[in-house]
Amino acid sequence: MPNEELTNLITDIEQMVNTAGEQFQSDSNLNDESLTTLLIASLIEEEFNG
Amino acid sequence: MANIENKTFCLIQITRFGDLIQTLQVAKALKAQRPDIRLVLVARDQFASPLSFLLEKTFDRIYKFDVKTELKKECSYKHLNTYFSKFVEEISEEKIDVSINFSFSKSSNYLHSLIESKYKLGPTQNRQNQIDIFDPWSSLVQSMVMRGPFNPFNIVDIYKKVIGVTPEATKKFELKKKDKITIHPFASHHKKSWPVKKWKEVIIKVLRANTDIEINLVGAPNEVEACKDLLNDPVIDHFKKRINNHVGKTNFEQLFNILKESSHFIGHDSMTGHLAKLAQLPTLTISLGTVRPAETTPYGHYSYSIAPKTKCFPCFPNEKCETLQCHADISYQATSQFINMFINNEEINAKTIKEQINVFHLNGLEILGSEYTNANLFQMKSLTEESVGPKSVMRTLLRILFLYKFSEIEENVAFPKINNETYNVIYGCLEGIQHLYELSEFGKKYSKDILIELAKDNPSLDLIKKLSAKIDEIDNLQALVLQPYPLLTPFVEYFQLAKGNLKGSNLVELSESNYVLFNDYSILTSTLHDLITKILSEHKLKNKPVTGQAKD
């Protein structure tokens, strides 16, 4: 997988994790969309960092 | 009794091959007891697909995901989001009654939270982004498994307890006459695996001593180079005709068939050992580095483990180690002598081991053998040690206490035989246990005071805050107790995890839960104190110096 694509993916995920954080701040509860974001972020972390 | 017929259970196991095989062993036990339960599995495609020939016999449906393949299709967050949303939706359509997370990883916790189910066992990541674990056996995994040397239970028994499978010993299989011995001389981490030169010595010695056997070498494609190194030896060359090299040449089904046609299996802690046990083979595991024999030795009859007596064993994967002393502490001479006993299906006990293995080679290692207790739970028992060390005493006590606390099961356990050194160490722990007991009594008092205050018409918020702060202080003080008494770590960590998962949605409910937890902890620590005192008394009684002389 080209490094550039991966960097873009990680930037997107970081942005979505921030959005999930904002959603959590305003609702005091994570919704399904935010939980899915955190699932993807943790899977990517496991996939590439072991 | 509630009707649980035709229910759907979903097991989440998204970690590696070995964990998946252990999960399969639990699923098979559940299906044997409750064939009416529909069983679904959620796993990573890269681990589940190679094992599908086994998994599909037990699971009614397997949901697999594959991050890398999806990224190859389209490397974007949007694509992954659509993929996982659909994946979760599809699983949730199963109308799952009970979902059980056996993976204990952050990603599996999120996945578990997203999957719709009536009851959840094992960890979930709650809507406040905190880990929730409400069943006691999963709490034990979270606080003890792979966190130190103290977990006394095999992971398969813990998983069975999480689900509620009634403990039953696996069926005894017939031992085959030695014929083809399968060896997997590699492992996923260099800490868990001997250097090739040591395996060379073992293989040569075993082939020399047993002229009627062949050896199957097995391994993954990434182990081909190491295998070449192993076979690249003039002495090994002499035995070439009796060594069948399958390394990197088989898929999992072919590997399983090789194991089924073998008489014995020898290797390190790896997936192949668990597969060998499924193929009903006696197994010998050379346990090194991060391996905890009590926890991960292949589950079943005729499982043996050779473990080093190195002080730092078992260690953690992230700890750097230059010397690998535990590798040196297991001599290849003792190993090959034990293998001779093992493959000849000889009676293996302390006496026969001492008769056949040079005591100087036995010095740095311990040989353990599997057995099922009167409660039908698996355990690894030392076959070489007359007395046990402090960690082993703690494991025994944890097993007694947690089995009774969680399941009201009492096993017949003999007094651990200790030496004077262990006596002094565990005697020293009594003071630490006393501190923990006193702290929990204070915790009970403060929780009770909060409840009394809350019951008043005009409760003082200031007082409640002060009392809450005192309860928080107890957590810190418990951690301080561990500094001089590290043997008490599992008791404190289990308590702190339970405290982080208190049930209750308001101050009254939380204070009640706090009180109950501190009360439990008081009982646990006082019982621990009693048990240790009894072990110490027994030791003193047995080692009483002889006074006076017999008269004629």
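Given the structure is predicted, the values throughout are model-derived calculations rather than measurements.
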Do Tyr110(B) and Leu43(A) come within less than 4.5 Å of each other through their side chains, counting heavy atoms only?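 Result no, sub-4.5 Å side-chain heavy-atom pair not found.
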Taking the side chain as everything from C-beta on, heavy atoms only, tell me whether Leu80(B) gets closer than 4.5 Å to Met16(A).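 Result no, sub-4.5 Å side-chain heavy-atom pair not found.
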State whether the number of non-hydrogen atoms from other residues, nucleotides or ligands found under 6.0 Å of [X] atom [atom1] is greater than 12.
{"X": "Gln15(A)", "atom1": "CD", "result": "no"}
{"X": "Lys499(B)", "atom1": "NZ", "result": "yes"}
{"X": "Arg127(B)", "atom1": "CZ", "result": "yes"}
{"X": "Gln46(B)", "atom1": "CD", "result": "yes"}

Side-chain ion pair, Glu46(A) and Arg44(B), N-O less than 4.0 Å: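 Yes, this pair counts.
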Go through the atoms of [X] and report whether side chain, backbone, both or neither lie under 4.5 Å from a heavy atom of chain A.
{"X": "Glu74(B)", "value": "neither"}
{"X": "Asn109(B)", "value": "neither"}
{"X": "Phe65(B)", "value": "side chain"}

Nearest 0.5 angstrom please: [X] [atom1] to [Y] [atom2], how far?
{"X": "Leu39(A)", "Y": "Phe87(B)", "atom1": "CG", "atom2": "CZ", "result": "9.5 Å"}
{"X": "His79(B)", "Y": "Ile40(A)", "atom1": "NE2", "atom2": "CD1", "result": "10.0 Å"}
{"X": "Ser85(B)", "Y": "Glu33(A)", "atom1": "OG", "atom2": "CD", "result": "6.0 Å"}

Which heavy-atom pair separates Asp32(A) from Leu114(B) by the least distance, and what is that distance?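 Of all heavy-atom pairs spanning Asp32(A) and Leu114(B), the closest is O-CD2, 3.7 Å.
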For Leu9(A) versus Ser76(B), what's the shortest heavy-atom pair and its separation?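 For Leu9(A) versus Ser76(B), the nearest heavy atoms are CD1-C, 3.5 Å.
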Output the option from Leu38(A), Asp27(A), Ile44(A) having the highest count of non-hydrogen pairs under 4.5 Å with chain B.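 That would be Leu38(A).
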Looking at Leu30(A), Asn31(A), Thr36(A), which has the largest count of heavy-atom pairs under 4.5 Å with chain B? Leu30(A)
When only pairs under 4.5 Å are counted, which of Lys78(B), Gln128(B), Gln125(B) shares the most heavy-atom pairs with chain A? Gln128(B)
Proximal component of Ile10(A), with respect to chain B [non-hydrogen, under 4.5 Å]: neither
Checking Asn29(A) against chain B: side chain, backbone, both or neither under 4.5 Å from a heavy atom?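 Contact with chain B: backbone and side chain both.
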Looking just at side-chain N and O atoms, do Thr37(A) and Tyr77(B) make a donor-acceptor pair shorter than 3.5 Å? yes
